[in-house]
Every structure is written in structure tokens, then in C-alpha cells.
Amino acid sequence: MSGYAAPLAEIRFALDAVAGIGEIATLSGSDAATSETIDAILNEAARFAEEKLAPLNAIGDRTGCRMANGVVTTPPGFKEAYAAFVAAGWNGLGLPVEAGGAGLPLMLATAVLEMWSSANPAFALCPMLTQAAAELVAAEGSALQRALYLGKLVSGEWTGTMNLTEPQAGSDLGAIRMRAVKDGEHYRLTGQKIFITYGEHDLAPNIVHAVLARVEGAPAGSKGLSLFLVPKFRVNADGSPGARNDIRCLKLEEKLGIHASPTCVLAYGEEDGAIGTLVGEENRGLELMFRMMNGSRLNVGLQGAAIAERAYQQARDYAKSRVQGRPVTASAGDDAVLPILHHPDVRRMLLGMRSDADAARALAYYAAGQIDRAQGDPDAVARARHQARADLLIPIVKAWNAEQGFAVASENIQIHGGMGYIEETGAAQHLRDARIALIYEGTNGIQANDLVGRKLARDGGAAMRALIAEMRALDGPIGAAIAPGFGIIRPFLTAAIDSLAKASEDLRARYAADPAVALAGAAPYLRLSGTVIAGWLMAKAALAAESLGARDSSQRAFVAAKLLGAQFFAEHRLAQAPALLPAIRGGATVLSFEPDGF
Ligand SMILES: Cc1cc2nc3c(=O)[nH]c(=O)nc-3n(C[C@H](O)[C@H](O)[C@H](O)COP(=O)(O)OP(=O)(O)OC[C@H]3O[C@@H](n4cnc5c(N)ncnc54)[C@H](O)[C@@H]3O)c2cc1C
């Protein structure tokens, strides 16, 4: 088992140098984020993550949630940790002041969520969903819905869920069957939802479910979906607690990882219908649900970065203590006993894990910053530009970071050797916990379709071209002149950006001519996009580090680590980017293999 030490210097550097929190803090709505406030929040969050959440991670995995007579019990310590979380006011950190939140930038809330998700990813899912529900109610709820639910969701006193999936409706939400029948001011909902995270639990006295359902007579497919708020306990108009609603948890799923997060099968309306209220208008459900889903997709990508960080820390600690063989790096005549950290291949793996975690963090923070700018920039044209970039980045962050998290967790097992495969060390938990991020919030395949079919095709490639132009600007003469370390990265970055530019134009034209062929190359295109954009952010970090080193010699070790991490990413990851072009263009080969041939 291993502990967790929040990487505060890395987090602060990514916020400042990569994602530009200084600029964000000057935007309207973010002015509470002074540098001192940011430091104080990060320090306090680090303490909470390290002391309260991390120690519960392994026990959560071993014990899991239990259900008896419809009552779900979370693992020992979770209830107390959640109460402390709410009491400390962590839930409302990134939520708007008008809604009762602290109104701090999403980027800062993202850094804090990274710490919760590194320390205890199963726990972190509960506030993650609650905050998404609060945002939904704040933005789209009626005055009554806001009065009844918003304060409780913002504080975390009640928790929230997303209810989309049904047995026949996973990726295809248009197949949702849950029925909603109007009954006066309310609707009565009937049907079954599966895989609902924190759908039932003992952390809070009430749960507010955001549920997609179909009103009688609505059009077929996703155009006929409406969104409802359905509380576990009904709430009277004066806010006092009402009767138990007609929702029952039928089962907890036994699953590969995140055991402490209850994954529930929920039955609605077994008696006379679960009573809910409509959000917005009928048949706008999917559009409104996307409000929750976009933020959640960013957060799932963040989970990849968070688990990568945790797995890296564990691998580093193990590599410092495990002794095996005499490293070739040991000098002749030196009898010192050296741990495996000194073997060149172990150093390669560790540096790779460290730079992959860093790259995933940079990408997630950068995307969060685009959302902050899209909301707070005083200029409407700039707001639209940032929104377009955030939209482009969301599927990339979700899918690419999820893959990074899983790959790094797998490398952690490799560094542990056989002990990594044994549950006792806890290395396997990170791998099992990381795996779900590739699946939920829209599988990685759905993200790749979204990137090519919507984000690239719809605007004729404009958002991607604008990003590519900005990436090329870094690759200018100034960078190489002031920063010798950047000079090593530069040729890899240039070639990788060229490949992304080529692939983007190619795939866009291909999608117009034959969408199926283009979509068969969408996953490698997403991988290319993630690698290049994260590589660009790592290069930005390297430049910023070199400039920091020139100003402040006391930062020498930090600067060297940043530079070498970025160089590693360039030589090992960016260098492979052009090799993805044939796979991106290889859709015809995939489709030539007929379904009957499998
Ligand atoms: C632990 C856990 C927690 C979850 N939490 C929640 C929750 O809180 N709320 C909620 O509503 N749901 C939740 N889910 C459900 C999750 O979002 C779905 O599992 C996911 O969206 C995939 O749906 P599916 O499982 O039906 O897979 P399917 O849709 O059956 O997909 C199977 C495979 O087919 C591929 N595929 C399907 N359609 C396409 C397509 N059009 N193009 C290309 N490939 C395609 C997929 O990529 C995948 O590889 C959770 C699931 C799990 C396991």
C-alpha cells in the first residue's frame, strides 16, 4: 500500500505556466482567485486529500459497498470523510457565487478535484456528480427547483446523480424507454436505470437524480427525451422533507474497480410512479443533460491524470526500496547496495510515467481554462472562440487522458514486478480503478466519433486549424533562442504538429466523402490529437521552466526535472505521432474486413 503526497509544486506550475491561471483570475467572476487564495486552497486541499481521503482508498477497494434490504452502506470511514468534506465547504468551490458557491475558477476546482481523485477516485465521484447536478439546476432549473435543491447541492448536504443508462440504452441514448406521465405540476416516472453511480448510499440524507425519460407521445429517438429532477425523498414546497419517492435500488453491481462507489440498478415507479419535475421544456432533455456531461467528461479525463500521478508516486517509492541485481550504472569497486531505481530501464519507465501524468494534467487544466475563458472573457468574440476550443478539447481530454491513466497504472505494475500483480501492494487497485474512465461518460469510441463527426466536420475544421496555428506560434525563433532545452523538443513538436495538420484536413475531406471510412480512423486520430496537444503544452512548460531557471537559481532541480520530462515526452511520445497517419488513413482496410469475417 502507498500513501499520497499532493504534487503541489507541479500543480501550481501547471496552473501558472501552462494553463494561465493568472489571466483567468482577472476575468469577471473569478476575481476571488488571488495568488494567495490559490496557494491557501491548494495547501488545504492537499491536506484533506492526504489525511482524510487517501487512507480510505485501499479499505474502500477491499470492503466495497454493501446492500441489505435496499439500504446501501459505504465502506468504513466514508461517511465521516464525506461529512468533513461538506463541513469544510469543498463542494461549492467552483460553483457560481449566485448559486451559493465560492465562484473560483473551474481551473482551480479542477486542480483540487485532481487531488480528491488521486487520493480516492471512488469517493471523488460523489462530489463530482453533485457539482454537475448543482450546475444544471443553477443554469436550467426553475425558480422552485432552485429554491428546493440548489443550496443543498451546492453545499453537498444532498448529493446528485446522472441517470441516463438503461439496459438497452448505453451509448445510444435515443433508445431510452423510461416513461414520464404528466400529473398536474409533476410527472410520474416509470422504468429502470442501470449503472447509476451513487444512485443509493448512506453519505447524505437525500439524493437528487437528474433523469432522462420520455414523455408520452414524444418523438422517437433522442429528440423525444426530457430531463427531470427526481429526489429520493420528496421535498415539500416550504423545503421541509417529504415522503420517500417511488425509487428503489434493486442491486449493486460487482465490478472491476472503484469498489467504494456504489453502481446501482434503480427501479422507478414500481408502485404509482416516481414523482419528478421537468427541467426546462419537454424534449430538450439531451441538450440539457449535455451540460452535465461536458463537465463530467473533463472530470473523467482528469481522473486519468489523477490516477497516473498516484501510480507514479507508488512506482517511484517502490523503485527506491526494492533491491534486485547490480545496476550497470554502478561504478566499479562501489559495493553500495542500489535499488532498482538505478536500472536504466526502470528509470525509463519512471520518467515516462512522470511525464505522462504531467502531460495529462496539463491537458485537463488547459481545457478547464478554456471553459473559464469562454464564460468570463469580457469580449463576446473571444468567448465564442474559447468555447469552440473547449468543445474541441473535451472528447480529447476525456479519452486520451483515460488511456494515459490506464497505461501509467499498468507501468506501475511492471515496476513492481510480480508484487505488482499481487493485490497486497495495492498497485492492481490503481489499474482496476483507472479502467472505467475509458468506458463511462461516453466510451472512448464515442469520443472519437464526436471529435471527427462533430468537432472537426461541423465547423469545417476551423477550431482545430486555429489551435494548430497557435501551436505553431510556440515553435518560433524566440523559443529556440532563449531556451536550449526547447531546441531539443522543437523538431519533434514541428513534425508532430505537421502530422496533426495533415491528418485533420485529410480526415475532414474523408468524412465528407465517406463517413464510415473516416470514423474507422477516428480513434488513432484522437490519439494523435491528444499526443500533439499535450506535447505542445509540455513544450510550453519547458519554455516557462527555462525562463524560471534563468530568473531563480534556487529552482534548478525543479527546472531540470520539467525540462527532462518534456524532452522525454518529445522523444518518446511526440516522436511516434507521425507514425499514426497510416492508421488514421487506414479506415478502408478496417471496413474491407466484412462483419461476417469475424
Ligand atoms: C462503473 C460504471 C459507472 C457508471 N455510471 C453511470 C452513471 O452514473 N449514470 C449513467 O447514466 N450511466 C453510467 N454508466 C454507464 C456508462 O456510461 C455506459 O456503460 C457507457 O456509456 C457505455 O454504454 P454501454 O455499457 O451500454 O456500452 P455499449 O453502448 O453497448 O457499447 C459497447 C461497445 O460498442 C461501442 N459502440 C457503441 N455504439 C457505438 C457507435 N455509435 N460508434 C462506435 N462504437 C460504438 C462502444 O464504444 C463500446 O466499445 C456507468 C457504467 C459503469 C460501468
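Owing to the predicted nature of the structure, the values given are computational and were not obtained by experimental measurement. We number each residue from 1, following the sequence as shown. One-based numbering, in listed order, for ligands and for the atoms of each.
Counting atoms of ligand 1 from 1 in the listed order, those under 4.0 Å from a heavy atom of T197 are 3 (C), 4 (C), 5 (N), 6 (C), 7 (C), 8 (O). Heavy-atom contacts of N449 reach the following atoms of ligand 1: 40 (C), 41 (N), 42 (N), 43 (C) (cutoff under 4.0 Å). Of all atoms in ligand 1, numbered sequentially from 1 with element shown, those under 4.0 Å from a heavy atom of E441 are 17 (O). Close contacts between ligand 1 and I436 involve ligand atoms 1 (C), 2 (C), 52 (C), 53 (C) [criterion: under 4.0 Å to a heavy atom].
Proximity of L250 to Q192: side-chain heavy atoms (C-beta onward) are separated by under 4.5 Å at one or more points.
Here's the thing with N163: none of its N/O atoms is less than 3.5 angstrom from an N/O atom of ligand 1. Considering backbone and side-chain N/O atoms, T443 comes within less than 3.5 Å of an N/O atom of ligand 1. Geometrically, ligand 1 and Y440 share no nitrogen or oxygen pair separated by less than 3.5 Å. Between F195 and ligand 1, an N or O atom pair is found at a separation short of 3.5 Å. The shortest N or O to N or O distance between A169 and ligand 1 is not below 3.5 Å. Annotation: K255 places no N or O atom under 3.5 Å from an N or O atom of ligand 1; distance criterion only. Considering both main-chain and side-chain atoms, D172 never comes within under 3.5 Å of ligand 1 through any nitrogen or oxygen pair. Between M162 and ligand 1, an N or O atom pair is found at a separation short of 3.5 Å.
Between R454 and D450 a salt bridge is recorded (basic side-chain N to carboxylate O distance below 4.0 Å). With respect to the salt-bridge test (charged N to carboxylate O, under 4.0 angstrom), the residues R361 and E309 qualify. One finds a salt bridge joining R432 and E423 here, because a Lys/Arg side-chain nitrogen approaches an Asp/Glu carboxylate oxygen to under 4.0 Å.
Within the model, atoms SG of C65 and NE2 of H259 stand 10.0 Å from one another, a figure rounded to the nearest 0.5 Å. Separating the CG atom in N57 from the CD1 atom in I59 is a distance of 11.0 Å, to the nearest 0.5 Å. In this structure, Q429 CD and R310 CZ are separated by 7.5 Å, a value rounded to the nearest 0.5 Å.
By the definition of a contact as any protein heavy atom under 4.0 Å away, atom 35 (C) of ligand 1 is not in contact. Note that atom 44 (N) of ligand 1 has no protein non-hydrogen atoms nearby, at separations under 4.0 angstrom. Atom 32 (C) of ligand 1 is never approached by the protein to below 4.0 angstrom, counting heavy atoms only. At least one protein heavy atom sits closer than 4.0 Å to atom 9 (N) of ligand 1.
Relative orientation of the F598 and F593 rings is tilted, given thresholds of 30° and 60° on the angle between their planes. Taking the six-membered ring for Trp and thresholds of 30 and 60 degrees, F85 and Y82 have nearly parallel ring planes, at less than 30 degrees apart.
Closest to atom 15 (C) of ligand 1 among all protein heavy atoms lies T165 OG1, 3.2 Å. Protein heavy atom nearest atom 29 (O) of ligand 1, with residue, atom name and distance: S171 OG, 2.6 Å. Taking atom 24 (P) of ligand 1 as the reference point, the nearest protein heavy-atom neighbour is G170 CA, 3.9 Å.
Residues T531 and W400 bring a donor and an acceptor atom of their side chains to less than 3.5 Å of each other.
Taking a 6.0 Å sphere around NZ of K455, one finds it holds more than 12 heavy atoms contributed by other residues, nucleotides or ligands.
Under the rule for a ring-ring contact (aromatic ring centres under 6.0 Å, His included), H209 has no partner lying at least two apart in sequence or in another chain. With sequence neighbours excluded, the residues forming a salt bridge (Lys or Arg N to Asp or Glu O under 4.0 Å) with E281 are R284, listed by chain and number.
Using a 4.0 Å heavy-atom cutoff, K193 is absent from the residues neighbouring ligand 1. The closest approach between T161 and ligand 1 stays at or above 4.0 Å for every heavy atom of the residue.
Distance alone, capped at 3.5 Å, places no donor-acceptor pair between the D202 side chain and the T73 backbone.
Evaluated by nearest non-hydrogen atom to atom 39 (C) of ligand 1, the leading choice among I439, I446, L519 is I446.
Residue contacts with ligand 1 for T263 involve side-chain atoms from C-beta outward but no N, CA, C or O (heavy atoms, distance under 4.0 Å).
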